[in-house]
Amino acid sequence: AFSFECMPVTLKKTTARTWEKGRVVNLERALRQKDLLDGHLIQGHVEGRARIISIKEEGRSKSLTLALPKTLAKNIALHGSVAVNGVSLTVSRTRDANVTVSLIPYTLSRTNLDALRKGDEVNIETDFLVRHLSKKGDKVTANAARRAQ
């Protein structure tokens with residue numbers, strides 16, 4: 001068990017305002033500079049919320065399609081990463097402001113993502129490399145980064 005406090009901006013941007021005692025959340029120790037890197041890099045800074053618009057069973061795996069705000073969708077790159085409720089996932093499909101991610105059995109068994117249902121809101125952190133390239137307004141560089149992923 002643990003406790004925490006939230007700033008008003010956290011309550012505005014995230015799903016934390018709806019959490020109740022006993023809620024299962026995903027927690028992971030912070031990476032130390034001397035640690036080996038494995039997987040995607042995420043910072044743990046939630047940028048906003050998205051709504052689940054579909055969940056498809058695919059054998060023992062699932063795919064989730066999320067409707068993102070346009071301000072976040074612009075920072076999504078096909079085959080890049082997006083963190084959903086703190087779990088970094090590979091983007092398997094994009095369409096307008098919708099993004100689809102796939103959840104393998106390992107992820108489903110070790111996170112709270114298996115409990116998600118259509119209509120649920122989730123916390124989103126976009127790929128920080130794409131986000132910062134897009135923020136600079138350098139469309140050529142941002143497009144190159146998206147193609148490279």
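All of these numbers come straight from a predicted model, not from anything done at the bench. Note that the numbering runs from 1 along the sequence shown for the chain.
- In this structure, V130 and A77 approach most closely via the heavy-atom pair CG2-CB, 3.9 Å.
- In this structure, CG on L116 lies 6.0 Å from CG on N85, to the nearest 0.5 angstrom.
- For R117, the salt bridge (Lys or Arg N to Asp or Glu O under 4.0 Å) criterion is met by no residue, not counting sequence neighbours.
- For A50, the side chain to side chain contact (heavy atoms under 4.5 Å, CB included) test picks out L66, L68, V122, I124, with sequence neighbours left out.
- By the salt bridge (Lys or Arg N to Asp or Glu O under 4.0 Å) test, R93 pairs with no residue at all, sequence neighbours left out.
- Under the 4.5 Å side-chain heavy-atom criterion for Ile, Leu, Val, Met, Phe, Trp and Tyr, L113 and V46 are members of distinct hydrophobic clusters.
- Under a 3.5 Å cut-off, the side chain of E47 and the backbone N or O of T126 do form a donor-acceptor pair.
- Put simply, CG on L78 and CZ on R95 are 14.0 Å apart, with the number rounded to the nearest 0.5 Å.
- Side-chain polar atoms of T15 and N123 form a donor-acceptor pair below 3.5 angstrom.
- Looking only at distances, no side-chain donor or acceptor of D120 sits under 3.5 Å from a matching main-chain atom of I52.
- The structure places CD1 of I53 at 10.5 Å from CG of L64, a figure rounded to the nearest 0.5 Å.
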Atom pairs and distances, side-chain donor-acceptor, residues 101-108, under 3.5 Å, sequence neighbours left out:
none

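- Judged as a salt bridge (Lys or Arg N to Asp or Glu O under 4.0 Å), the pairs with a partner in residues 100-116 (not counting sequence neighbours) are, in order, K62-D114.
- Side chain to side chain, E58 and S63 meet the donor-acceptor criterion of an N or O pair below 3.5 Å.
- Separating the CZ atom in R49 from the NZ atom in K12 is a distance of 9.5 Å, to the nearest 0.5 Å.
- With sequence neighbours excluded, no residue forms a salt bridge (Lys or Arg N to Asp or Glu O under 4.0 Å) with D96.
- Distance check, rounded to the nearest 0.5 Å: OG1 of T14 to CH2 of W19 gives 6.0 Å.
- No side-chain heavy atom of V91 sits less than 4.5 Å from a side-chain heavy atom of L89.
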